[in-house]
> 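Below are the structure tokens for one structure; questions will follow.
Computed from a prediction, not measured in an experiment: that's the story for all the values here.
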Amino acid sequence: MRPSILYPLFAPISTIKGIGDKYAKLIHKLCGEKIMDILFHLPFNVIDRTFSSPLNQAIDNKIWTGIVTITEHLPPQTKKHPYRVYCTDGTSNLVLTFFKVYKDSIQKNYPVGSKRAISGKLEYFNGMWQMSHPDFVVSQERLKEIARLEPVYPLTAGLTNKMMLKLSKDALSRVPKLSEWQTSSSMKDFEYISFNDALSKVHNPKNVNDLSPLSIARRRLAYDELLSNQLALAFIRKKVKQIKGRSFIGNNELYQKVLSSLPFSLTSSQQEVLDEISKDQEAPYKMLRLLQGDVGAGKTVVALLSMLKVVEEGAQTALMAPTEILAKQHFESIKELCAGTGIEIALLTGKLRPSQKKEIYKNLASGKINILIGTHALFTNDVIFKDLGYVVIDEQHRFGVNQRLSLSQKGNLCDVLVMTATPIPRSLLLTAYGDMDYSKISELPKGRKPTKTVVMNVNKIPEIITSLKKKIEEGCRAYWVCPLVEESEKSDLSAATQRFEMLQEYFGDKVALVHGKMKEAEKDKVMEQFKSGEKTLLVATTVIEVGVNVKEATIMIIEHAERFGLAQLHQLRGRIKRGFLEGSCLLLYSYPISNISKERLNIMKQTEDGFFIAEKDLELRGGGEVLGTRQSGFTEFTIADMKYHQDLLIHARDDVKDILKQDPKLETPRGEALKILLYLFEQNEAVKTYLAG
């Protein structure tokens, strides 16, 4: 139950006087439906209305606030002309102009002979001071009501800044006095500003610096949010660790058989990760572990070897991939690695014939199938395992938390391993994946050669085609990726189609085209032709970003690379790091090119370290959008911004470790205050979500 002291902050916005259904809907759309949502909807700028010198000393294009006497109204002669109201402050005349004419309203607000307090932007025109549509007009006595420093809020159509000022003032008046949940050393870092005072300061800024993410008030609030996040995750992680699981020890027979038949030896990093997974599997608790490894680091082999321990004990395993191409690729490579072992492996995708699916369902239920590989088709109700003990999920961010949960629930106390080739910045590991244990394959297999990355202007395409012809004649295969022009597949597709038609003139029927609008069967057919060498140049949209494995493809040309995010460029370049031949990646750009795009291309040229690239990607993009696509299950913070607050996140993680040692049940006075913090940032909801898995 939410503590009663917080009830005023979680009351609906409609409890504010003057807010009916119409405004409540607009506010809900903008920031949320509770009073708390208004408090966390922070201003981004401040209007200075302190300039109020006599008009004969006024400054052009500056906001002026003062008292004037209304002297005359001049209604427009035609609809094209504005309505003018003449006034004076005693030192100079001022004309108020209104282009939207509501005659009755203007005459009511500016009666001739009255004194009015006004505020708005002054302009000197035709030898006279003018002000178009004053921002504020009130009676002389109410001059103090005009905020001299007015915060500016993000808005939506139908809501004005005046309305937001009123709402934030009302919301601030409802904030109760809360006990301090920060330590004395943290308070010293935040110059002893309390949560209440920090909220008040960001809604009543004295200047733009007060609104900066680096201001003391913003940092204090960001830390409160991050501390609540880390504390909630720590409790969930603790709970997950206590969930009863199964112990898989195995007899090592299949494991050694497959290991000895590998055409390469495991890297020390792969072996370390296998040892970490093995300890989890042997423990009597449920495993929930994230395996992160750069493109081509050998995650599939690690996943397979960890599956064998479960198969040795007679239980079944499942590997789920986000696309049919990737699922099929996993199936083929795992089948090859398990040849001669007697392990029964099956592939289940949506496009199989009903009779094929029926056969798989029957063999699954009987326990004949040891390893099932598939796509979303694994979620269907028809998929019933005899004894599912272990689930591996590839490219985790393509699936929601609920999907992860629904697959693991098909088994009996399943262990879960989630894998990603998308390098994750440390800050996201601590937040989005904070409920999981974490392993990282930090080295590539021996013998992998670095990829040569070159940045060139798009007008060099004729020369590139000449060089490409030579390389393809020597037996190379190449990708040519076309950009996403805007947020639609249509424009993406037209760019790829045009380039495909142009390249056909040079390479004839050796060119193939693959894009997102094609049916899976068509895509698979094209990919097979490219894999077999029937086609040697593949023109594609970003559909090839994840998982396509063609060892002979060593050239990657990315057109208009300035339009891609860093993580996306890194993923695409990873397509030519599948074999042991040296690869070449050409990043083609065109003008105009922004400074951020230039920096991205330079980073790609300088390094192949995916983890460094991920940190830089976060730095350049900011925390709003991560790794190229908005990813399901990722924590979006309201106040904290990872571009500025990573140090606070690390501090919060360390603080939580101390809390769990000293006060694991939150029973001390600080512990009681921390419970309030968890409810304040609605981590009661997060707990339910993160328990998935």
> Check ring-ring contact (aromatic ring centres under 6.0 Å, His included) between Phe136 and all other residues, then give those that pass, not counting sequence neighbours.
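For Phe136, no residue satisfies ring-ring contact (aromatic ring centres under 6.0 Å, His included) once neighbours in sequence are set aside.
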> Show the nearest heavy-atom pair for residues Val391 and Cys414, with the distance to one decimal.
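For Val391 versus Cys414, the nearest heavy atoms are CG2-SG, 4.0 Å.
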> Using side-chain contact (heavy atoms from CB on, under 4.5 Å) as the criterion, list what pairs up with Ser268, not counting sequence neighbours.
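Per chain and number, Ser268 pairs via side-chain contact (heavy atoms from CB on, under 4.5 Å) with Glu443.
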> Once side-chain hydrogen bond (donor to acceptor under 3.5 Å, both in side chains) is applied, do any residues pair with Tyr438, and if so which ones, sequence neighbours excluded?
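Tyr438 satisfies side-chain hydrogen bond (donor to acceptor under 3.5 Å, both in side chains) with Gln292 once adjacent residues are dropped.
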> Just jot down the side-chain contact (heavy atoms from CB on, under 4.5 Å) partners of Lys657, sequence neighbours excluded, or say none.
Arg653, Asp654
> Would you please name every residue forming a ring-ring contact (aromatic ring centres under 6.0 Å, His included) with Phe681, sequence neighbours left out?
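ring-ring contact (aromatic ring centres under 6.0 Å, His included) list for Phe681, sorted by chain: Phe40.
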> Is Asp275 paired with Lys279 through a side-chain N to carboxylate O contact shorter than 4.0 Å?
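No, Lys279 and Asp275 are not salt-bridged.
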> Could you list the residues that satisfy ring-ring contact (aromatic ring centres under 6.0 Å, His included) with Phe248, not counting sequence neighbours?
none
> With sequence neighbours excluded, tell me which residues meet side-chain contact (heavy atoms from CB on, under 4.5 Å) with Pro176.
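Scan of Pro176 (side-chain contact (heavy atoms from CB on, under 4.5 Å), adjacent residues dropped) gives Ile5, Leu9, Leu178.
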> Taking only residues two or more places apart in sequence, or in another chain, which ones meet His645 in a side-chain hydrogen bond (donor to acceptor under 3.5 Å, both in side chains)?
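His645 satisfies side-chain hydrogen bond (donor to acceptor under 3.5 Å, both in side chains) with no residue once adjacent residues are dropped.
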> Do we see a donor-acceptor contact under 3.5 Å between the side chains of Glu672 and Thr668?
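No, no side-chain donor-acceptor pair sits under 3.5 Å.
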> Mind checking what makes ring-ring contact (aromatic ring centres under 6.0 Å, His included) contact with His41, not counting sequence neighbours?
none
> What salt bridge (Lys or Arg N to Asp or Glu O under 4.0 Å) pairs are there with at least one residue in residues 175-204, not counting sequence neighbours?
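Found Glu180-Arg220.
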> For Phe10, is the NZ or CZ atom of Arg2 found under 6.0 angstrom from the centre of its six-membered ring and inside 45 degrees of the ring axis?
yes
> Does a donor on one side chain sit under 3.5 Å from an acceptor on the other, for Asn196 and Ser194?
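Judged by distance alone, the side chains do not pair up.
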> Can you name the side-chain contact (heavy atoms from CB on, under 4.5 Å) partners of Lys25, sequence neighbours left out?
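Result, side-chain contact (heavy atoms from CB on, under 4.5 Å) vs Lys25: none returned.
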> Considering only residues two or more places apart or on different chains, which pairs with a residue in residues 32-46 satisfy salt bridge (Lys or Arg N to Asp or Glu O under 4.0 Å)?
Lys34-Asp37, Lys34-Glu682
> Just by modelled atom types, is the Met287 backbone N or O under 3.5 Å from a matching donor or acceptor in the Asp415 side chain?
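Here the side-chain-to-backbone pair exists.
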